[in-house]
Amino acid sequence: MADLRLPTNSIVHPDKDRFLSEVNPFEAMMARFDRAAELLDLEPGIYKVLRNPEKTIIVSIPVMMDSGEVEVFTGIRCLYNTSRGPAKGGIRFAPNVSIDEVKALAAWMTWKCAVVNIPFGGAKGGVICDPLKMSMGELERVTRRYTSAIISTLGPDSDVPAPDVNTNERVMAWVMDTYSMHVGHTVNAVTTGKPVAMGGSLGRREATGRGCMLTTREALAHLGMPMKGATVVVQGFGNVGSIAAELMQAEGCKIIAISDRTGGWVHRKGIDVKHAMAYVQEHTTLEGYGVGEPIANEALLELECDVLLPAALENVITTKNAANIRAKVVCEGANGPTTAGADAILDEKGVFVIPDILANAGGVTVSYFEWVQNRGGYYWSEQVVNDRLKEIMVNAFGEVLKLSSQHKVNMRTASYMLSISRVSMVHKLRGIYA
Ligand code: NAD
């Protein structure tokens with residue numbers, strides 16, 4: 001295994017470690033991948049295969065803007081690994097989209113789908129643009145031209161996008177329509193996260209938050225801590241954070257702090273989540289909410305609590321603040337909220353981390369259910385969706401926990417070990433096509 005850490009296709013500085021940024025998403029993902037690969041004693045050949053994306057497409061997207069001028073945007077789609085099934089992963093529209101980020105997120109999707117054992121590979125896409133400065137017409141033209149530019153990879157059997165940062169069910173409807181127009185008939189299984197009226201799944205909107213609640217409930221049970229009365233701090237009060245908070249409150253947890261991009265509110269007696277959600281519905285953000293005391297996002301992360309749910313951004317728990325985290329359990333609702341450097345500090349403190357690829361896999365699991373329903377042309381009730389989601393999340397948590405105690409590693413390393421062993425097993429069985 002001596003060559004396990006050798007770079008394959010990436011340009012690596014001779015003094016790599018010194019230049020390795022704590023927050024580079026691809027390096028952050030690879031640091032975890034390497035540790036798990038080493039523990040699994042992964043064959044060097046398979047290691048090389050899994051350390052590289054299968055395909056990364058970069059396209060120019062010329063678009064006629066409302067002003068009458070032509071603008072050219074850059075779009076990316078990365079299929080990281082499709083050995084277990086069609087590539088699955090979101091499309092994001094943002095000015096800071098980069099190839100490194102898209103590749104890292106595509107790899108993350110590969111491990112996430114494998115950890116919950118759904119038959120998908122991993123992908124991610126993005127368009128470098130500022131959607132907040134664009135009209136609906138411009139967004140539609142960017143979406144359709146991007147879809148058309150990557151059409152050769154798309155398809156229910158090959159690559160199935162979903163919403164991500166700054167894209168939504170409206171955008172998925174355009175992707176699905178553009179693809180369907182190209183192939184000449186309606187193919188609703190080409191995307192997930194669609195409006196329910198055109199084949200979206202019931203329960204999809206709540207799925208990621210529900211998965212966070214379910215894995216937190218399993219973690220607390222394992223640690224012998226009651227769910228009832230457990231204190232919870234939530235960073236990010238959007239889709240994931242607010243729904244996880246609502247469902248945790250319904251299970252008896254006390255939500256003592258919430259925040260969004262405008263700052264946070266701490267109230268030791270407990271925040272009424274439905275009331276806060278109604279406030280955000282009316283005012284867009286938590287600004288001026290006024291229940292309890294205001295608190296900055298950085299200080300909120302360091303509050304004493306049973307459960308901390310980072311559900312906003314990546315890289316919020318770093319080597320700078322990890323020592324100050326006073327939660328007993330961290331449930332990673334967001335993708336990549338903890339840096340690789342911070343992992344060791346949290347371990348030393350005995351914090352039980354439910355890693356992102358497990359904690360927030362509820363969303364992709366119900367996306368899989370949506371694809372299954374589209375392909376079968378038979379739709380499930382919300383209860384059926386929720387029951388099947390629970391079964392998958394609870395099983396996955398149990399499998400990761402078992403591996404973590406067998407190998408005496410934390411839950412993150414165990415999650416990577418489980419997913420990498422699943423993906424590598426399929427590679428071994430399929431062999432290398434020559
Ligand atoms: P969202 O846009 O609905 O909500 C994001 C929330 O984070 C908002 O309340 C926003 O105000 C807040 N926020 C933004 N900047 C912040 C800052 N600097 N400090 C504190 N809060 C800030 O997004 P979402 O769908 O809830 O996704 C949240 C995270 O979960 C992202 O990392 C996303 O990649 C991840 N995730 C989402 C899903 C899903 O199904 N929605 C699935 C897996 C992972």
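All residue numbers refer to positions in the sequence shown, counting from 1. Counting convention: from 1, in listed order, for ligands and their atoms alike.
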List the steps and the verdict of ring pair (Phe, Tyr, Trp, His ring centres under 6.0 Å) for Y47 and F33.
CA-CA 10 Å; Y47 171 80; F33 172 85; 5.7 Å; yes
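- For atom 2 (O) of ligand 1, the nearest protein heavy atom is 4.0 Å or more away.
- Residue-level proximity to ligand 1 for N297 is carried by the side chain, the only part with a heavy atom below 4.0 angstrom.
- With respect to atom 21 (N) of ligand 1, the closest heavy atom belonging to the protein is D260 C, 3.3 Å.
- At the top of the distance list for atom 9 (O) of ligand 1, counting protein heavy atoms only, stands F237 N, 3.1 Å.
- For ligand 1, the polar-atom distance check against N239 finds a nitrogen or oxygen pair separated by under 3.5 Å.
- Considering E298, R92, R261, E332 only, the shortest heavy-atom separation from atom 12 (C) of ligand 1 involves R261.
- The shortest N or O to N or O distance between K112 and ligand 1 is not under 3.5 Å.
- Residue R375 places its CZ atom among more than 12 non-hydrogen atoms of other residues, nucleotides or ligands, all under 6.0 Å distant.
- A side-chain donor-acceptor contact under 3.5 Å links Q383 and D387.
- Ring centers of F120 and Y368: under 6.0 Å apart, within the cut-off.
- The residue from V307, N360, V329, L309 that alone fulfils the side-chain contact (heavy atoms from CB on, under 4.5 Å) condition with I354 is V329.
- The side chain of L313, and not its backbone, has at least one atom closer than 4.0 Å to an atom of ligand 1 (non-hydrogen atoms only; side chain from C-beta on).
- When only non-hydrogen protein atoms are considered, atom 34 (O) of ligand 1 lies nearest to N335 ND2, 3.1 Å.
- The ring of W108 has its center no closer than 6.0 angstrom to the ring center of Y80.
- Ring orientation note: the planes of Y289 and W265 are nearly perpendicular, at an angle over 60° on the 30°/60° scale.
- Residue contact check for ligand 1: E314 places no non-hydrogen atom closer than 4.0 Å to it.
- Closest heavy-atom approach to atom 28 (C) of ligand 1 among the candidates A311, A361, A334, S367: A311.
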Show the numbers, then the answer: is there a side-chain hydrogen bond (donor to acceptor under 3.5 Å, both in side chains) between R84 and N117?
CA-CA 9 Å; R84 302 180 71 252; N117 212 4; 2.7 Å; yes
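- Proximity annotation for atom 32 (O) of ligand 1: of A312, A359, S242, A312 comes nearest, heavy atoms only.
- Of the listed options I243, V240, T285, V240 places a heavy atom closest to atom 24 (P) of ligand 1.
- At a 4.0 Å heavy-atom cut-off, ligand 1 touches T208 through the side chain alone.
- Of the candidates G238, G333, G263, it is G333 that places a heavy atom closest to atom 36 (N) of ligand 1.
- The part of R204 lying near ligand 1 is the side chain, judged by heavy-atom distances below 4.0 Å.
- The line from CD of E206 to CG of N386 is 7.5 Å long, rounded to the nearest 0.5 Å.
- Ring geometry, Y146 versus F93: the interplanar angle exceeds 60°, so the pair is classed perpendicular (tilted spans 30 to 60°).
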